[in-house]
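We name chains A, B, ... by the order of the sequence lines, and we start the count at 1 in each one. Here the structure is a predicted model, which means the values were calculated and not measured.
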Number of protein chains: 2
Amino acid sequence: MSETTNHGSVRDRSREDIYDLILESGGMTRSELAEATGISRSAVTSAVGRLIREGRAVESEPDSKGPGSGSGRPANRITAVASGLPVAAMDFGHNHVWVAVADSLGNALGDSLTVIDVDYNATEAMDLAAAALDALRHEHGITTISNVVCGIPGPVDARTGLVKSPTILSSWVGLSPAQELGHRLGAPVHIENDAVLGAHGELRLGAGRHHKDFLYIKASHGIGAGIVIGGKPFTGSTGIAGEIGHTQLPNNTELCRCGKRGCLETVVSVQSMRKQLQHTHPHLDVTQLDLSTLDDAISARMLNEAGRTIGRVLADLCNLINPGAIIIGGELGASGEALIDGVRSSVHRYAQPATAAALEISAAELGTRAELTGALQLAAWRAQR
Amino acid sequence: MSETTNHGSVRDRSREDIYDLILESGGMTRSELAEATGISRSAVTSAVGRLIREGRAVESEPDSKGPGSGSGRPANRITAVASGLPVAAMDFGHNHVWVAVADSLGNALGDSLTVIDVDYNATEAMDLAAAALDALRHEHGITTISNVVCGIPGPVDARTGLVKSPTILSSWVGLSPAQELGHRLGAPVHIENDAVLGAHGELRLGAGRHHKDFLYIKASHGIGAGIVIGGKPFTGSTGIAGEIGHTQLPNNTELCRCGKRGCLETVVSVQSMRKQLQHTHPHLDVTQLDLSTLDDAISARMLNEAGRTIGRVLADLCNLINPGAIIIGGELGASGEALIDGVRSSVHRYAQPATAAALEISAAELGTRAELTGALQLAAWRAQR
DNA sequence: ACGGTTTCGTGCGTTGACGGATCGAAAGAG
DNA sequence: CTCTTTCGATCCGTCAACGCACGAAACCGT
């Protein structure tokens with residue numbers, strides 16, 4: 001069953017398959033392509049030849065020569081070339097907007113971070129983001145952008161493009177940021193949950209590269225999950241999968257903004273960490289504190305405990321979908337090994353032994369840039385459709 | 001990306017795609033095939049012509065004629081023909097073995113149910129199952145079986161084929177039933193978790209036909225889940241996804257066979273229902289009672305409460321994967337609307353509103369035959385590889 | 001009753017992708 | 001320096017896919 005969007009005819013399917021492969025892997029030899037696609041080397045050669053003639057790919061030098069690299073003639077590496085228009089990405093957080101531009105393959109050219117209260121006024125935040133992107137465009141001499149992907153820390157309905165409740169950005173609920181930003185930028189804008197984008201980034205360029213099925217957890221001001229199944233991001237039947245921040249914890253009655261009590265987000269979040277730090281470290285200014293700079297035993301224990309709380313929720317979810325990895329991103333994921341260790345110990349304690357044994361738990365390789373990177377990758381991919 | 005197992009070359013890919021489509025859908029017109037595959041009608045015609053010449057498909061009469069059926073020439077329906085060897089299935093339960101034979105398309109020819117204590121002695125149960133299948137074969141004049149799929153109510157490691165712990169069948173843990181049954185039957189045997197098979201059955205012939213993403217819950221002596229994502233069963237990175245029976249419930253300390261306390265299975269299962277019924281209905285013999293025959297208010301309330309307990313666990317899982325449907329199977333799923341209503345009310349209460357709104361919750365259309373039917377379907381599919 | 005419309009099925013010529021075979025090129029191994 | 005191994009390029013026979021045109025089989029309106 002060809003799930004690919006047959007743009008045109010099926011005759012070019014193999015060539016597009018090959019192009020997708022060299023695009024996603026970032027360089028393969030003809031033999032590897034023949035192996036991966038199952039078509040003959042001669043067919044691969046002709047397809048690659050056409051891609052090169054069309055300027056969509058280039059042939060680079062063989063990477064490893066010299067004794068010990070195996071006998072036989074070394075293979076040349078085929079690489080995709082950035083021939084199309086640049087793309088852009090936006091990452092809206094609780095109190096920042098992070099915008100970036102990239103070439104048509106999604107390789108970042110530059111980015112700029114603006115600190116504002118994004119939640120206070122959605123329209124103003126979007127104006128500011130559009131202005132920041134304009135400035136970045138001029139800085140890099142870019143006139144036209146073909147595609148923009150924009151991450152929102154909340155559920156996005158895939159059919160309507162509307163921001164659903166509950167989300168960190170309560171003033172955004174019911175808005176259609178794709179339309180509004182599309183007007184401002186004059187380019188097609190796709191809105192996506194930020195955890196899904198983080199999963200995308202780690203899948204292509206991070207800790208998820210060697211996993212077919214994994215969970216990406218964005219643990220920041222809220223907690224969301226991005227799911228990768230079979231090597232592809234999965235967003236559910238209506239696009240709002242991954243809403244794990246409002247799982248109810250036993251023995252916890254704190255009121256959540258979603259109206260329920262005892263949600264995971266009320267216990268584990270950047271805000272709650274800062275609140276606790278204010279008690280344990282009264283001399284610190286915690287309002288803009290980078291959690292990864294902490295290295296004392298007390299905060300390590302605090303972060304470890306936060307990780308254990310997350311891990312308890314993740315354990316049940318892992319029993320359901322049996323992932324190959326869990327990748328923790330967001331500010332809490334970047335805070336250090338203490339939190340990751342907490343997740344590990346809790347998952348191993350509460351999940352089925354066989355499930356836990358097959359599970360790698362790690363921090364996001366791309367750190368807090370995972371969402372932005374994934375958005376650029378997704379924008380580059382979407383620009384070619 | 002061609003995920004299909006390229007058996008041979010890619011030149012026949014479209015024809016095999018078409019064959020898979022008419023196989024899984026059970027009859028499509030040429031135009032529908034052209035629409036679904038994206039290739040032209042003339043190419044479909046030639047591929048279909050070759051399938052018919054090869055005896056793998058037949059052309060049946062147009063299904064709906066007469067006024068009101070839309071104008072234009074009615075389309076003929078292309079159906080796959082059972083040309084290969086028959087297949088078989090086995091469904092091991094807590095105290096029964098259910099075996100069946102089907103033609104090469106998975107259409108059931110006959111089945112037989114044997115009541116024994118399957119858990120007591122795994123080897124004996126397999127001997128008995130093999131004997132029952134042999135009897136069924138002779139009854140239908142079948143000499144050779146090409147493929148057998150066998151359902152087990154417990155986790156099955158996809159790589160090793162071993163039964164993992166915890167499972168209802170504790171004496172089976174560590175065994176490799178695929179090998180043992182393969183010796184007895186002289187045919188390739190594939191072992192699969194029974195909830196996965198139930199999901200397969202409902203996906204092809206039941207309530208999952210019109211859903212791409214759903215959860216099938218087998219609620220019987222244990223509780224397991226089968227996951228369908230993107231129209232395909234998903235079994236996790238090591239094949240043991242769906243183990244939701246040992247999710248810990250708050251405020252519940254009953255000891256479970258898995259060693260933990262407060263597992264879902266200890267509260268909701270056929271055994272616990274029977275135990276409760278023994279108290280409320282002292283005159284009944286509950287040991288072999290069919291739960292679907294109950295129609296009094298007391299047992300309805302009891303089943304409703306059981307449904308609510310299941311629903312509470314499912315709510316968190318739905319927030320993660322945002323499925324389009326939940327299908328409840330097993331003996332408890334077939335017990336009536338009271339339990340289903342309990343699941344509904346609990347999911348709507350504890351899941352995110354947007355997630356719950358996009359969710360259809362229903363009983364398995366195939367009832368307790370879902371697992372057996374799915375096993376036959378899967379066996380037919382596997383026989384063609 | 002009879003065209004008009006719509007949709008389905010099919011035959012045909014052209015295109016070009018696939019697969020197999022062959023040969024040369026570029027490296028390492030002995 | 002020769003042998004082996006692997007990769008790349010080329011040629012050619014085959015055949016799937018496309019587009020188009022035409023006929024077939026139904027419904028619909030007058």
*Taking side chain as C-beta onward, heavy atoms only, is A:Thr235 less than 4.5 Å from A:Glu192?*
yes
_Tell me the interatomic distance from B:Asn76, atom CG, to C:dT7, atom C1', rounded to whole angstroms._
12 Å
*For B:Glu16 and D:dC15, what is the distance between atoms CD and P respectively, to the nearest whole Å?*
16 Å
_So, OP1 or OP2 of C:dG19: does either fall under 4.0 Å of a side-chain N or O from A:Ser42?_
no
*Take atom CZ of A:Arg13 and atom C1' of C:dA17, then tell me their distance rounded to the nearest Å.*
12 Å
*Is B:Val228 close to B:His211 at the side-chain level, that is, under 4.5 Å between some pair of heavy atoms?*
no
*How many Å lie between CD on A:Glu32 and P on D:dG8, as a whole number?*
10 Å
*Would you mind telling me which of D:dG23, C:dC18, D:dA16 lies closest to the side-chain atoms of A:Ala43?*
C:dC18
_Any donor-acceptor pair under 3.5 Å linking the side-chain atoms of B:Ser40 with those of B:Ser42?_
yes
*A:Arg50 CZ - D:dA9 P separation (whole Å)*: 17 Å
*Interatomic distance, B:Ile39 CD1 vs C:dT10 P [rounded to whole Å]*: 15 Å
_Partner of B:Ile78 by side-chain contact (heavy atoms from CB on, under 4.5 Å), out of B:Met28, B:Glu59, B:Glu32_ = B:Glu59
*Under 4.0 angstrom between B:Arg73 side-chain N/O and C:dT5 OP1 or OP2*: no
*Just compare D:dA16, C:dT10, C:dC8 and give me whichever is closest to any side-chain atom of B:Arg30.*
C:dT10
*Whole angstrom value for the distance that separates C1' of D:dG8 from CD1 of A:Ile52*: 11 Å
*Can you tell me the distance, in whole Å, between the CG atom of B:Asp12 and the P atom of C:dC18?*
13 Å
*Using a cut-off of 4.0 Å on non-hydrogen atoms, how would the nucleic acid contact of A:Ser31 be classed: base, sugar-phosphate, or nothing?*
sugar-phosphate
*Taking only the side-chain heavy atoms of B:Ser14 (C-beta and beyond), determine which of D:dA17, C:dG9, D:dG8 contains the nearest atom.*
D:dA17
*Regarding A:Asn322 and B:Thr238, is there a side-chain donor-to-acceptor distance under 3.5 Å anywhere?*
yes
_Closest to the A:Arg41 side chain, choosing from C:dG9, D:dG8, D:dA16_ = D:dG8
*What nucleotide, of C:dC18, D:dT10, D:dA16, holds the atom closest to the side chain of B:Arg15?*
D:dA16
